[in-house]
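In what follows, a structure is listed as structure tokens, so that the remarks can point back to it.
Please read these numbers as outputs of a predicted model, since none were measured by experiment.
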Amino acid sequence: MYTLPNKLKLFAIVFMVIGALGMVAGFVNAPGSQEEVKEMLAHHDNHGDAGHAESSQHDDAHVEHVYHQLQNKPWSAVYVAAFFFFMIALGALAFYAIQHVSQAGWSPVLFRVMEGITGYLVPGSIIMFILLVLSAMHVNHIFHWMNAELFDPASEKYDALVANKSAWLNETSFLIRAAIYLLGWNAYRYFSRKYSLKQDEEGGMHWFKKNFKISAGFLVFFIVTESMMSWDWIMGFDPHWFSTLFGWYVLSGMLVSAITVIAMVAVYLKSQGYLEHLNNSHIHDLAKFMFGFSIFWTYLWFSQFMLIWYANIPEEVTYFVSRIEDYNLLFFGMLALNFVFPLLLLMNSDFKRVNWLVIGTGIIILIGHYIDVFVMVMPATVGDSWFIGLPEISALLFFFGLFVYVVFSTLAKAPLLAKGSPFIEESKHFHY
């Protein structure tokens, strides 16, 4: 039985406290009025009198625009961190379901690790839903389409493109869909965990078969709702733009991040004297998935980027133009982190068995996919007013601390070996 070390608990709590204080400071320091923004812009303006040719109306519009961007900044930072750690838990849940449905023989020694990571799904879901509700209540303005004036033909801000999507883009159906996704995912997590523990207690095939059936049902539900979630929660920041493979793109990032965390947690537990049956062949298989999904993510990134760039349709290329112009280093840097490093470090079969190298590559992959989420969200909410400051660092610290605390607390609630699985002996002796 795993016991949560006091050092790890303290480490997680310290991160959460520092992160929470920093996030509060980020909200407090956000400009409270357009006058503050005017002073800020005047302070940073190095163009002398060049701007006097512009009309005051244009100046006011620009000030208002920057004001909204800077108001969005702390909210966006929290959203990016909340979504990133939530998607790791959700990706681990999908990977766990795949193991049950495929009746994989190699993975049962890792079932408790996967269940521990999916333990974050509950607090992660609550936080995500609260953020979405606050957006729908107009407490923040990170979702541009939630501005009612865009749907009003009499308004000068009327946007025909967004108005035509009103059947989908409206606050009520947006929150109803979110509730359906979250309830469905959490229901599967609850029952699969329950059946898994029952399997350990009673043995036999009854609970194994039940878990197989609900896992198959969940995967059908998940593949549909994951795509819809990515349209609502990520693509919704850019309501003019759409990509038919966006759901797959988000899914690939979600799965590679989740499998990376499974590998990292497993190696950590092994180093602490737990998971006695975990061997380098298990780590090799996890590293293969990390490598494979990194290539899959790159394939989807390239397909989406190249086709839109080559077609050069104005309403489509704006998505990439804004990112290349304002987020150039991050946009192409994450490509190196998510493709080049995994390719070079994990292509060699022997390297996949070296624990420290898998951990090192995993850290690079997680940084790369955090930047990926950052670049998917920030250009639409903060625009060119972005910089890595207190809100971004604090949100990352807080959610990292919360994630570590919840995951390792969940691991401590049940034995680390799923001894009731009919494949457990095969998994214990998995060598090649």
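Between Ala81 and Ala395 the shortest heavy-atom distance is CB-O, 3.6 Å. The minimum heavy-atom distance linking Arg189 with Leu121 is given by the pair CB-CD2, 4.0 Å. Considering all non-hydrogen atoms of both residues, Met114 and Ser107 come closest at CE-CB, 4.3 Å. Between Phe399 and Ala82, the closest heavy-atom pair is CZ-CB, 3.6 Å. The two residues Gly253 and Met87 come nearest to each other via the heavy atoms O-CE, 3.9 Å. For Ala418 against Ile424, the heavy-atom pair with the smallest separation is O-CD1, 3.5 Å.
The aromatic rings of Tyr188 and Phe218 lie parallel to each other, their planes meeting at an angle below 30°, with 60° marking the opposite boundary. Using cut-offs of 30° and 60° on the angle between ring planes, the pair Phe85 and Phe400 is tilted. In this structure, Tyr96 and His100 have perpendicular ring planes: the angle between them is above 60°, well past the 30° mark.
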Validation: residues 335-342 side-chain donor-acceptor distances under 3.5 Å, sequence neighbours left out:
unit_1	atom_1	unit_2	atom_2	d
Asn338	OD1	His369	N	3.3
Asn338	ND2	Met334	O	3.3
Asn338	ND2	Gly368	O	3.3

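Using a 4.5 Å heavy-atom threshold, the side chains of His240 and Thr318 count as separate. Under the 4.5 Å side-chain criterion, counting only non-hydrogen atoms from C-beta, Lys210 is not in contact with Lys198. No side-chain heavy atom of Val407 sits less than 4.5 Å from a side-chain heavy atom of Val261. Side-chain contact between Ile363 and Met264 is present, with heavy atoms from C-beta onward closer than 4.5 Å. Val373 has its side chain within reach of Met376: a pair of non-hydrogen atoms, C-beta onward, lies under 4.5 Å apart. Considering only heavy atoms from C-beta on, Asp326 stays 4.5 Å or farther from Phe331 through its side chain. In this structure, Asp285 and Lys288 have side chains that are in contact, with non-hydrogen atoms separated by less than 4.5 Å. With contacts defined as side-chain heavy-atom distances shorter than 4.5 Å, the pair Arg193/Thr118 does not qualify.
Separation of the Tyr370 and Phe374 ring centroids does not fall under the 6.0 Å cut-off. Ring to ring, Phe151 and Tyr158 are not that close: their centroids are 6.0 angstrom or more apart. For Phe351 and Phe291, the ring centers sit 6.0 Å or farther from each other. Checked against the 6.0 Å centroid criterion, the rings of Trp386 and Tyr327 qualify as a close aromatic pair.
None of Trp301, Phe305, Phe332 except one satisfies the ring-ring contact (aromatic ring centres under 6.0 Å, His included) rule with Phe320; the exception is Phe305.
For residues 72-94, the set of pairs meeting the side-chain hydrogen bond (donor to acceptor under 3.5 Å, both in side chains) definition, not counting sequence neighbours, comprises Lys73-Glu392, Ser76-Thr381.
The closest donor-acceptor contact from the side chain of His68 to the backbone of His65 lies at 3.5 Å or more, if one exists at all. Panel note: side chain Ser166, backbone Ala163; a donor-acceptor pair is recorded below 3.5 Å. Judged by distance alone, the side chain of Lys352 and the main-chain N or O of Leu346 form a donor-acceptor pair under 3.5 Å. For Ser427 (side chain) and Val109 (main-chain N/O), a donor-acceptor pair under 3.5 Å exists by modelled atom type. Of the possible donor and acceptor atoms, none in the side chain of Gln99 sits under 3.5 Å from a partner among the backbone N and O of Ala104. A donor-acceptor pair is defined here as one N or O able to donate and one able to accept, closer than 3.5 Å; such a pair exists between the side chain of Arg323 and the backbone of Val375. Although no hydrogens or angles enter the test, the distance criterion places a donor-acceptor pair under 3.5 Å between the side chain of Gln71 and the main chain of Pro31.
Atom CE of Met205 is surrounded by more than 12 heavy atoms from other residues, nucleotides or ligands within 6.0 Å.
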Start with the C-alpha distance between Phe174 and Trp145, add both sets of side-chain angles, then the distance that settles ring pair (Phe, Tyr, Trp, His ring centres under 6.0 Å), and finish with yes or no. CA-CA 11 Å; Phe174 177 78; Trp145 64 262; 5.5 Å; yes
Apply side chain to side chain donor-acceptor pair (under 3.5 Å) to the pair Asn211 and Ser192, showing each step before the final yes or no. CA-CA 6 Å; Asn211 227 339; Ser192 65; 4.7 Å; no
In sequence, state the C-alpha distance, the side-chain angles, and the governing distance for Phe15 and Phe11, and then conclude on ring pair (Phe, Tyr, Trp, His ring centres under 6.0 Å). CA-CA 6 Å; Phe15 267 54; Phe11 165 83; 4.5 Å; yes
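Side-chain polar atoms of Trp185 and Thr225 form a donor-acceptor pair below 3.5 angstrom. For the residue pair Trp168 and Asp232, a side-chain donor N or O sits within less than 3.5 Å of a side-chain acceptor on the partner.
Rounded to the nearest 0.5 angstrom, His284 NE2 and Ser349 OG are separated by 3.0 Å. Rounding to the nearest 0.5 Å places CG of Leu300 at 9.0 Å from CG of Leu251.
For Phe296, the ring pair (Phe, Tyr, Trp, His ring centres under 6.0 Å) test picks out no residue, with sequence neighbours left out.
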